[in-house]
Amino acid sequence: MKHSLTLILSGLALAALIIGCATDEPSYSEGAPGGGSSSGSTSVDGTDPSFDSSITAWDGQTASDTSKASDYGSDKDIYHELNTFSNVLTITYNGTSASYTTTNDKILVYQTGAHVTVDMLTNDVDKTEIILKGTSSDGSLKVYGASKYKLTLDGVSLTSSRGPAINSQCKKRVYVALRCPKIS
């Protein structure tokens, strides 16, 4: 009987604690989730009542940059399949090193271990496909260029401790294509 009474009293104390915590109203500081104010006024679910989450019907407004949509040109700018990439640079990662082959010697490639920098800007090389293969747990690719290019990820696994594994500094579009390894 003494054990049951202790268990019941412990349960009641826990329930009182839970109820006491549930009645505290959270307050949001400015910039907090929901964009609330520090007034402490919240709804039952803890959100800021001044935030309107309803979805209204489209009223016909368009974004202010819709006139720039014509800057994208034709479908050739959207689909890589409609472009020709006559220059090919293949980079193969192998642990802490990388090797490469290219069909155009004007593409400059700088390398430190498995960290590779491709410069298509200096010699104004365009219509290039860069193919990445292999694996490196400490490698990267950085690309400089002034023209759109295609980046094909051919089963590559790339991790970098220096920053992004792939960093495009190109001023134009990058088409990313995935080439998955064959499953036998």
List the residues meeting side-chain hydrogen bond (donor to acceptor under 3.5 Å, both in side chains) with [X], not counting sequence neighbours, and say none if there are none.
X      : value
Ser157 : none
Gln169 : Asn167
Ser140 : His115
Ser168 : Tyr149

Is a donor on one side and an acceptor on the other found under 3.5 Å between the side chain of Gln111 and the backbone of Gly113?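 Checked: pair present.
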
Expected output: side-chain Ser160 to main-chain Arg162 donor-acceptor under 3.5 Å: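 Flag set: sc Ser160 to bb Arg162 pair under 3.5 Å.
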
Are [Y] and [X] linked, directly or through intermediate hydrophobic residues, by side-chain heavy-atom contacts shorter than 4.5 Å (ILVMFWY only)?
X      : Y      : answer
Leu153 : Val143 : yes
Leu178 : Val88  : no
Met120 : Tyr175 : no
Phe85  : Tyr144 : no

Could you list all the side-chain hydrogen bond (donor to acceptor under 3.5 Å, both in side chains) pairs where at least one residue sits in residues 99-109, not counting sequence neighbours?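 Residue pairs with at least one partner in residues 99-109: Asn87-Asn104.
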
Determine the minimum heavy-atom distance between [X] and [Y], stating which atoms define it.
X      : Y      : value
Ala114 : Gly95  : CB-O, 3.8 Å
Ser147 : Cys170 : O-SG, 3.0 Å
Gly139 : Ser136 : N-OG, 3.2 Å

Sub-4.5 Å side-chain heavy-atom contact between [X] and [Y]:
X      : Y      : result
Val118 : Ile107 : yes
Thr92  : Asn94  : no
Leu151 : Leu141 : yes

Using the test salt bridge (Lys or Arg N to Asp or Glu O under 4.0 Å), find all partners of Lys150 that sit at least two apart in sequence or belong to another chain.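 Only Glu129 meet the salt bridge (Lys or Arg N to Asp or Glu O under 4.0 Å) criterion with Lys150.
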
Quick one: which of Thr117, Leu121, Asn123 gives a side-chain contact (heavy atoms from CB on, under 4.5 Å) with Leu108?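 Only match with Leu108 under side-chain contact (heavy atoms from CB on, under 4.5 Å): Asn123.
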
Rounded distance (nearest 0.5 Å) linking atom CD1 of Ile130 with atom CG of Asp154: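 Between atom CD1 of Ile130 and atom CG of Asp154 there are 14.0 Å.
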
Distance in Å, Ile131 CD1 paired with Arg179 CZ, rounded so as to fall on 0.5 Å steps: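 Separation between the atoms: 5.0 Å.
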
